[in-house]
Structures are given as C-alpha cells and as structure tokens.
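Okay, structure first, notes after.
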Amino acid sequence: NAGVTQTPKFRVLKTGQSMTLLCAQDMNHEYMYWYRQDPGMGLRLIHYSVGEGTTAKGEVPDGYNVSRLKKQNFLLGLESAAPSQTSVYFCASSQREVSYEQYFGPGTRLTVT
Amino acid sequence: SQQGEEDPQALSIQEGENATMNCSYKTSINNLQWYRQNSGRGLVHLILIRSNEREKHSGRLRVTLDTSKKSSSLLITASRAADTASYFCATDAQGGSEKLVFGKGTKLTVNP
C-alpha cells in the first residue's frame, strides 16, 4: 500500500495564480484532512472531510477550497495565491474519528512570490 | 488556537540518555496522541492514550497523562541518534471527535 500520497511535492506560484493540491489514500479511510505547517506554528487545520461528498472548515480556511468527490481523494485549491500561503501543506487520513491515528502524506512545499 | 503546548521547545541530549517532553492542554479531552516528524517528512503516529488511562508504553516510549493537571509527558528511554526529530502532542476535545489540534512541537536532538 502507498498510504497517503500528495502531488506535487514542490511548487512555486506567483501572487494571484491558482493551483490544486491532490491527496490520495489507499486505506479506505473515511476522514481526510488538510493542514499547513509554518515555522514556530505547528500544524493548523485548513479543511477536513468526514466522508465522500462532505467538507468542513478547520482553523484557517480562508483562501482555500476543498472537494471530496471520491472517497480516496481530497483536493485543496488555492484560487488566488498570496505570499501568506507560502507554507508546507500536509494531507492526512484516519479510519474514523480522532480516536484513531492519523496517517500523513509527505507534504507539499509551496512558495508564493 | 493551539490546544496543546509542548515544553521544552528544544531539547539536546547525548545518545543513551533519556528524553522527556511535556504537553499541556486547555480543555477536557477524549484522548491525546503523540506524533514524530523527521526533518522534511510527514508526521508519524507514535502512541495514543485515552482520558481514562494514566500510563502507556510502546517499546522505548512511555506516555503519562494527568487529566487533573491537563498535562501529558512523553519519555524516550536510551535515546538514539535516529530519535532526532520534532515531537508533537495532539488532542481532540470532549464532545468533538472530528479533528485533532496539534501543539507547536518539541525539537529533539540526540547527539552521537
């Protein structure tokens, strides 16, 4: 099993450009999450999904949109990138609710200039 | 806002020594988890302790939970250079089981 995969691994965007980050998991997990990690800030939850077709806002949702059209995929979109969105983005999944461990992808390093 | 706060922010020890990291949180929880992150990698789950448990072991890891003080500690015994990583605690909140809140982490360096 590949676990949780993320594409791309690195990306540089100019301010105002858009992009989509793809997360895929092959563990048949119900819950999926998008986090951002900034120096000294730990992980902050952007959006999450408790099942196919559902999404919910996390701690820092502004400037991002998500979709979960298929159970195994969770997409994170930036419609108009800003320098403040420069960060490392992690996707995670879990079997069910948070009494189960989360499995993390390797991360996407995004730089917005 | 962060629910859990790790202490210390950074810790440097020699191989073979024990490393202790602490986590304090603010609201009642159902469970608390510890994760490790090697440089440039995603987080890896280490151990989960439920609110009705006081201590849990996994290999060289020992986790304690004191719900009256809203704190947890992670002890790594006989540390190795490969234990060099950042360690995060993560908590849910009682009544809300859909998401975890992570602390800012403790950066552990084990010198050979």
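Below, read A as the first sequence line, B as the second, and so on, with proteins coming before strands; counting in each chain starts at 1.
Here the closest heavy-atom approach between residue A:F104 and residue B:L43 is recorded as CB-O, 3.3 Å.
B:K99 NZ to A:S94 OG: the interatomic distance, rounded to the nearest 0.5 Å, is 13.0 Å. Here the straight-line distance linking atom CG of B:L100 with atom OH of A:Y35 works out to 5.0 Å at 0.5 Å rounding.
In the model, B:Q37 has a side-chain atom that pairs as donor or acceptor with a side-chain atom of A:Q37 under 3.5 Å.
At a threshold of 4.5 Å between side-chain heavy atoms, the hydrophobic network of Ile, Leu, Val, Met, Phe, Trp and Tyr places A:Y89 and A:V4 in two separate groups. A continuous path of ILVMFWY side-chain contacts below 4.5 Å connects A:M32 to A:L21, so both sit in one hydrophobic cluster. Both B:L108 and B:W34 sit in one connected hydrophobic cluster of ILVMFWY residues. Membership requires side-chain heavy atoms under 4.5 Å apart, directly or through other members.
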**OP:** Verify side chain to side chain contact (heavy atoms under 4.5 Å, CB included) between A:Q102 and B:H45, making sure each step is shown before the conclusion.
**Re:** CA-CA 7 Å; A:Q102 292 189 9; B:H45 180 265; over 6 Å; no
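Shown here is B:R80, whose CZ atom has no more than 12 heavy atoms of other residues, nucleotides or ligands within 6.0 Å. With a 6.0 Å radius and a threshold of 12 heavy atoms from other residues, nucleotides or ligands, A:E79 has its CD atom at or below the threshold. For CD of B:E53, the number of neighbouring non-hydrogen atoms (other residues, nucleotides, ligands) closer than 6.0 Å is greater than 12.
Proximity to chain B (any heavy atom under 4.5 Å) is shown, for A:Y103, by neither the backbone nor the side chain.
If you tally non-hydrogen atom pairs under 4.5 Å between each of B:G42, B:S86, B:G105 and chain A, the highest count goes to B:G42.
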